[in-house]
Amino acid sequence: MRISVLTIFPEMYSVLNESIIGKALEKELFSVDIHNIRDYSLNKHKKVDDYPFGGGAGMVMTPQPLHDSITAVDPEHKAVRIYLSPKGKTLDQAMVKELASLDHIVLINGSYEGIDERIIELDVDRELSIGDYVLTSGDLASLVVINTVARYIPDVLGSEESTSEESFSEGTLEYPQYTRPQEFMGLAVPDVLLSGNHAEIAKWRKAQSLKITKERRPDLKVE
Ligand code: 4GS
């Protein structure tokens, strides 16, 4: 899988060199190419923003550098082009899985008050939000997309970090986990987890998972 990123803050993506994602990129299990939108500006000062028509606060990203950078990374429009914005459909684990099945995605990042609407009309396939709050630019949202999608690329996660028994994998929140010591600050690990009875452990975990989902996320509706 290839992920292309269009941004005016390419340095924000240095976090991709860390941890599990950094290792996966080193192994070329997938690729991320980052492009500075400013490099595509035909303005003599490399300007990428301007005042909004109609007035109002802030600046708007101009269409020319966006259109040219999008066209440069995806000339035949074979990729799914995604604009990160609070107006988009909110990212969830089902969407993450779907995105992970694509060959090429382009992540388009706005800053300031946003981008000229005509770019959304002309060049964008989908708008995607990571949640109901406002960031200073789409870049942290893009990093969330890259991180969550990468987890579904074969061999990115080791056997210790599988996507099979985690929150949302069954549409529910994950059961509580315990490790050594058996007692900590007077608190014991639930007996069933020490029993060696795998059927009973699975039953307990399932029940815990349903209980915590009902309590904390009634919106997730299970069964
Ligand atoms: C989000 C979000 C976001 C909106 C970008 C204001 C700068 C900012 N992008 N999910 N202009 N939430 N974007 O807040 O994706």
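Values below: all heavy atoms of this structure, side chains included; hydrogens, waters and symmetry mates excluded.
Side-chain contact between Gln208 and Leu210 is absent, with no heavy-atom pair separated by less than 4.5 Å. A heavy-atom distance below 4.5 Å is not found between the side chains of Asp50 and Val60. Taking 4.5 Å as the limit, every side-chain heavy atom of Ile70 sits out of range of all side-chain heavy atoms of Leu122. In this structure the side chain of Ser111 never reaches within 4.5 angstrom of the side chain of Thr136, judged on heavy atoms. Side-chain contact between Ile20 and Leu157 is present, with at least one heavy-atom pair separated by less than 4.5 Å. Using a 4.5 Å cut-off on side-chain heavy atoms (C-beta onward), Ile82 and Leu99 make contact. Side chains of Ile34 and Phe9 form no contact here, defined as non-hydrogen atoms less than 4.5 Å apart. Side chains of Asp191 and Trp204 form no contact here, defined as non-hydrogen atoms less than 4.5 Å apart.
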Q) Could you go step by step and tell me if Asp116 and Thr62 meet the side chain to side chain contact (heavy atoms under 4.5 Å, CB included) rule? A) CA-CA 6 Å; Asp116 188 297; Thr62 56; over 6 Å; no
Q) Given Ser137 and Asp139, is the side-chain hydrogen bond (donor to acceptor under 3.5 Å, both in side chains) satisfied, shown in steps? A) CA-CA 5 Å; Ser137 78; Asp139 299 290; 2.6 Å; yes
**Q.** Residues Arg118, Glu121; criterion salt bridge (Lys or Arg N to Asp or Glu O under 4.0 Å); working and verdict
**A.** CA-CA 5 Å; Arg118 291 165 293 185; Glu121 205 176 312; over 6 Å; no
Q. Would Ser142 and Thr7 count as a side chain to side chain contact (heavy atoms under 4.5 Å, CB included) if you check the C-alpha gap in whole Å, the side-chain angles of each, and the deciding distance to 0.1 Å?
A. CA-CA 10 Å; Ser142 282; Thr7 176; over 6 Å; no
Q: Start with the C-alpha distance between Leu173 and Arg216, add both sets of side-chain angles, then the distance that settles side chain to side chain contact (heavy atoms under 4.5 Å, CB included), and finish with yes or no.
A: CA-CA 9 Å; Leu173 301 178; Arg216 298 193 190 177; 4.2 Å; yes
**Q.** Steps toward salt bridge (Lys or Arg N to Asp or Glu O under 4.0 Å) verdict (Arg2, Asp103)
**A.** CA-CA 6 Å; Arg2 174 184 175 201; Asp103 274 338; over 6 Å; no
Q: Decide yes or no on side chain to side chain contact (heavy atoms under 4.5 Å, CB included) for Phe168 and Leu220, but give the supporting numbers first.
A: CA-CA 9 Å; Phe168 310 116; Leu220 288 178; 4.1 Å; yes
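Pairing each heavy atom of Ser129 with each of Ser85, the nearest pair is CB-O, 3.0 Å. In this structure, Ile8 and Asn36 approach most closely via the heavy-atom pair CA-OD1, 3.7 Å. When all heavy atoms of Tyr152 and Ala100 are compared, the pair lying nearest together is CB-CB, 3.6 Å. What you find for Phe30 and Val156 is that their closest heavy atoms are CD2-CG2, 4.5 Å. Summarising the geometry of Pro154 relative to Leu29, their closest heavy-atom pair is O-CD1, 4.1 Å, with the distance given to 0.1 Å. Between Gly110 and Met61, the shortest heavy-atom contact is CA-SD, 3.7 Å.
Tyr175 is not connected to Leu193 by any chain of hydrophobic side-chain contacts under 4.5 Å among Ile, Leu, Val, Met, Phe, Trp and Tyr, and they are in different clusters. Criterion: ILVMFWY side-chain heavy atoms under 4.5 Å apart, direct or through other members. Under it, Leu66 and Leu42 are not part of a common hydrophobic cluster. The hydrophobic cluster containing Tyr40 does not contain Ile115, counting ILVMFWY residues as joined when their side-chain heavy atoms lie under 4.5 angstrom apart, directly or transitively. Hydrophobic clustering (ILVMFWY, side-chain heavy atoms < 4.5 Å, transitive): Val15 and Ile21 are in one cluster. Put simply, Ile212 and Leu187 are part of two different groups of oily side chains (I, L, V, M, F, W, Y) that touch within less than 4.5 Å, one to the next.
A salt bridge links Arg126 with Glu98: at least one charged nitrogen is closer than 4.0 Å to a carboxylate oxygen. Look at Arg81 and Asp74 and you find a salt bridge, because one of the NZ, NE, NH1 or NH2 atoms lies within 4.0 Å of a carboxylate O, short of that distance. Checked for salt-bridge contact, Lys203 and Glu200 meet the test: a charged N lies under 4.0 Å from a carboxylate O. Salt bridge Glu166/Arg151: present, at least one basic N to carboxylate O contact under 4.0 Å.
Counted within 6.0 Å of CD on Gln177, heavy atoms from surrounding residues, nucleotides or ligands total more than 12; the atom is thus considered enclosed. Summarising the local packing, CD of Glu11 is surrounded by 12 or fewer heavy atoms from other residues, nucleotides or ligands at distances under 6.0 Å. Atom CD of Glu170 sits in a sparse spot, with 12 or fewer heavy atoms from other residues, nucleotides or ligands closer than 6.0 Å. In the displayed structure, Lys211 atom NZ is contacted under 6.0 Å by at most 12 heavy atoms of other residues, nucleotides or ligands.
Donor-acceptor pairing under 3.5 Å is recorded for the side chains of Thr172 and Ser209. A side-chain donor-acceptor contact under 3.5 Å links Asp125 and His77.
Distance alone, capped at 3.5 Å, places no donor-acceptor pair between the Ser41 side chain and the Arg38 backbone.
Here Tyr178 contributes atom OH and Leu194 contributes atom CG; the two are 10.5 Å apart, rounded to the nearest 0.5 Å. Note that CG of Asn109 is 6.5 Å distant from CD1 of Ile37, once rounded to the nearest 0.5 Å.
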